[in-house]
Amino acid sequence: MKILINGLILSNHNSGLGVYTYKVLENIYKYFDLSQFSYEILCQDAAFLPSNVKSHAIVHPCKNFVERNLCWEHYACKKGVDLIWSTTQHGSIFSKAKQIITIHDLMPVFYPKGRYHQYLFYKTVLPRLIKKSSAVITVSNNSKADIIDTYHLKSKDKIKVVYNGIDIQPSFETNNSILRKINEKTFNYYVIIGIHYPYKNIHSVIDAYYKYPKLQEHKVYIIGNDKVKYAGMLKNKIQKLNLKNSFVFTGFLSESEKNTLIQNSIASIYPSLYEGFGLPVLESLALGTPVICSNTSSLPEVGGEAALYFDPMNIDDIASKIEQITTDKVLRDNLLSHRDEQINKFSWKKTANNIFSIIREI
């Protein structure tokens, strides 16, 4: 059986979908016997693939969203392909092969501003892809419910929930270079991970800092691409409210630098309004860092009893929970006492196993 895998999302700066694709491909090949299959991975550069699957690469560079979709459609329609599997929502309208797509969330449907081309895709193309697919993988029960409700699906069995994984081991050997670089003491600051769009709701944390000046005793380091439009809006807001000494944008960090910054923080703050999964919550817990996050969408699924929750639309509640986790050691210890139980629910090996089972079934 010949399988074509869509790895076009992979780049040298992987966001959530890229990390997911990389880890799934790495672990499926690592743990499972693929000798019964002939498979190829369509990608923009073989260097972006895990080392154990590079030999299966079909390289086709693409400049943008449209090119990626056209490229995938072209290869998916080639003769001899029995199954196409996309680690993203980009399936094939015209291929006669069986297919599996992966819908991580419905963000463009719920928050279309700034991503109108994706909104159109989700409203017009994705319903047809769901209908054509033999299986649709999604990453949380919350996302499954959203997909069923949004697209009015009668058959729920086609939607398969496969959680994301985590493979960070809590090592407390710190990358001191990043701490020296920011001239920061350990356990004296907070971190926020991810900054792409307004639904990340970082502006509400800024509002909380402005309304409650006591919070300003501890800085917030915002990790991620600070060249995007939303980052510019946040910087303007910080400047206007005279909070430039309270918020620091780190830009892209290496994994070692990022993990060190998370691990040595008081807590990780995740104020997002909506997440299909919320991998940064799991990453922080795996590093032994307390998490305070929104009580919305999939985040309670991921955080379980190991996270402290707030209403992301309530500035007072956000400020209160930040203050709580800073001053209440008993609370922090209680949250972290549930950490092992929670993170043991998730691993990339389990993710790979569940996906491999779906592939074999199809």
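Note that the numbering runs from 1 along the sequence shown for the chain.
- When all heavy atoms of Val139 and Val161 are compared, the closest pair comes out as C-CG1, 4.4 Å.
- Note on Ile318: it clusters hydrophobically with Leu243, by side-chain heavy-atom contacts below 4.5 Å among ILVMFWY residues.
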Test side-chain hydrogen bond (donor to acceptor under 3.5 Å, both in side chains) on Tyr122 and Gln89; report intermediate values, then the result. CA-CA 9 Å; Tyr122 274 70; Gln89 69 277 9; 3.3 Å; yes
What verdict does the side-chain contact (heavy atoms from CB on, under 4.5 Å) test give for Ile28 and Ile355, after you've listed the backbone C-alpha separation in whole Å, the side-chain angles of each residue and the deciding distance to 0.1 Å? CA-CA 8 Å; Ile28 278 187; Ile355 292 175; 4.0 Å; yes
Between Phe32 and Phe37, is the ring pair (Phe, Tyr, Trp, His ring centres under 6.0 Å) condition met? List the steps. CA-CA 11 Å; Phe32 303 103; Phe37 304 120; over 10 Å; no
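- No more than 12 heavy atoms of other residues, nucleotides or ligands sit less than 6.0 Å from atom NZ of Lys349.
- Salt bridge status for Asp333 with Lys329: present, with a side-chain N to carboxylate O gap under 4.0 Å.
- Of all non-hydrogen atoms in Ile101 and Ser133, the two that sit nearest each other are CG1-OG, 3.6 Å.
- In this structure, Tyr119 places its OH atom where only 12 or fewer heavy-atom neighbours from other residues, nucleotides or ligands lie under 6.0 Å away.
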Worked check of ring pair (Phe, Tyr, Trp, His ring centres under 6.0 Å) between Phe356 and Tyr31: CA-CA 10 Å; Phe356 188 60; Tyr31 291 111; over 10 Å; no
Let me see the working for Leu42 and Cys71 under side-chain contact (heavy atoms from CB on, under 4.5 Å), right down to the final yes or no. CA-CA 9 Å; Leu42 184 61; Cys71 175; 3.9 Å; yes
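- Scanning both residues, Ala267 and Ile325, for their nearest heavy atoms gives CB-CG2, 3.9 Å.
- Side-chain contact check for Ser246 versus Ile238: every heavy-atom pair is 4.5 Å or farther apart.
- A salt bridge does not link Lys78 to Glu73: none of the charged nitrogens lies less than 4.0 Å from a carboxylate oxygen.
- With a 4.5 Å cut-off on side-chain heavy atoms, Lys160 and Thr138 do not count as touching.
- Annotation for Lys98: atom NZ does not count as buried by contact number, only 12 or fewer foreign heavy atoms lying within 6.0 Å.
- Side-chain atoms of Asn27 do not come within 3.5 Å of backbone N or O of Ala352 as any donor-acceptor pair.
- Ile222 is connected to Leu241 through a chain of hydrophobic side-chain contacts under 4.5 Å among Ile, Leu, Val, Met, Phe, Trp and Tyr, so both are in one cluster.
- A donor-acceptor pair is defined here as one N or O able to donate and one able to accept, closer than 3.5 Å; no such pair exists between the side chain of Tyr270 and the backbone of Leu279.
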Give the C-alpha distance, both sets of side-chain angles, the deciding distance and a yes or no for side-chain hydrogen bond (donor to acceptor under 3.5 Å, both in side chains) between Ser284 and Ser268. CA-CA 7 Å; Ser284 297; Ser268 174; 3.0 Å; yes
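- When each of Asn52, Leu49, Val53 is tested with Glu26 by the rule side-chain contact (heavy atoms from CB on, under 4.5 Å), just one qualifies, namely Asn52.
- In plain terms, the two heavy atoms of Ile315 and Ser204 that are nearest each other are CD1-O, 3.5 Å.
- Heavy-atom minimum distance, Ile223 versus Thr250: CA-OG1, 3.3 Å.
- Residues Asn6 and Ser86 have side chains that bring a donor and an acceptor to within less than 3.5 angstrom of each other.
- Tyr151 and Lys131 form no side-chain donor-acceptor contact under 3.5 Å, judged by distance and modelled atom types alone.
- For the pair Leu106/Ser143, no side-chain contact is recorded, criterion being any heavy-atom separation below 4.5 Å from C-beta on.
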Which is it for Gln36 and Met1 under the side-chain contact (heavy atoms from CB on, under 4.5 Å) test, yes or no, and what are the steps along the way? CA-CA 7 Å; Gln36 59 190 298; Met1 175 171 283; over 6 Å; no
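- Using cut-offs of 30° and 60° for the angle between ring planes, the Tyr111 and Tyr274 rings count as tilted.
- Taking the six-membered ring for Trp, His104 and Phe277 have ring centres at least 6.0 Å apart.
- Here Arg68 contributes atom CZ and Asn64 contributes atom CG; the two are 7.5 Å apart, rounded to the nearest 0.5 Å.
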Residues Tyr190, His218; criterion side-chain contact (heavy atoms from CB on, under 4.5 Å); working and verdict: CA-CA 7 Å; Tyr190 310 102; His218 303 285; 3.5 Å; yes
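- With hydrogens and angles left out, the side-chain atoms of Thr21 and Thr87 include a donor and acceptor closer than 3.5 Å.
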Check the pair His117 / Phe65 against ring pair (Phe, Tyr, Trp, His ring centres under 6.0 Å), numbers first and verdict last. CA-CA 9 Å; His117 65 290; Phe65 169 84; 4.7 Å; yes
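- Contact check for Lys214 versus Glu323: side-chain heavy atoms found under the 4.5 Å cut-off.
- Annotation for Lys227: atom NZ does not count as buried by contact number, only 12 or fewer foreign heavy atoms lying within 6.0 Å.
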Please walk me through it: do Tyr230 and Tyr197 pass ring pair (Phe, Tyr, Trp, His ring centres under 6.0 Å)? CA-CA 6 Å; Tyr230 181 51; Tyr197 292 103; 8.5 Å; no
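- Side chains of Thr150 and Val109 form a contact here, defined as non-hydrogen atoms less than 4.5 Å apart.
- For the pair Asp105/Phe110, no side-chain contact is recorded, criterion being any heavy-atom separation below 4.5 Å from C-beta on.
- A pairwise comparison of heavy atoms in Pro312 and Thr296 identifies CG-CG2, 3.7 Å as the closest pair.
- Looking at Lys211 and Asp207, no side-chain N of the basic residue comes within less than 4.0 Å of a carboxylate O on the acidic one, giving no salt bridge.
- A side-chain donor from one of Glu275 and Ser272 sits under 3.5 Å from a side-chain acceptor of the other.
- Checking Glu301 against Tyr163 by side-chain atom types alone, a donor-acceptor pair falls below 3.5 Å.
- Within the 4.5 Å cutoff, side-chain heavy atoms of Ile93 are placed close to those of Arg128.
- A chain of hydrophobic side-chain contacts below 4.5 Å, direct or via other Ile, Leu, Val, Met, Phe, Trp or Tyr residues, connects Val162 to Leu282.
- Residues Ser38 and Ile3 form no side-chain contact, since every pair of their non-hydrogen atoms from C-beta on lies 4.5 Å or further apart.
- Within a 6.0 Å sphere centred on CG of Asn236, heavy atoms belonging to other residues, nucleotides or ligands number more than 12.
- Gln216 and Tyr210 form no side-chain donor-acceptor contact under 3.5 Å, judged by distance and modelled atom types alone.
- Under the 4.5 Å side-chain heavy-atom criterion for ILVMFWY residues, no single connected hydrophobic cluster contains both Ile130 and Ile359.
- No single ILVMFWY cluster, assembled from side-chain heavy atoms under 4.5 Å apart, contains both Phe249 and Leu253.
- Side-chain atoms of Asn354 and Ser357 include no donor-acceptor pair closer than 3.5 Å.
- Between the side chain of Lys200 and the main chain of Ile193, no donor-acceptor pair closer than 3.5 Å is present.
- The residue from Ile41, Ile362, Val24 that alone fulfils the side-chain contact (heavy atoms from CB on, under 4.5 Å) condition with Trp85 is Val24.
- Between the side chain of Asn264 and the main chain of Phe187, no donor-acceptor pair closer than 3.5 Å is present.
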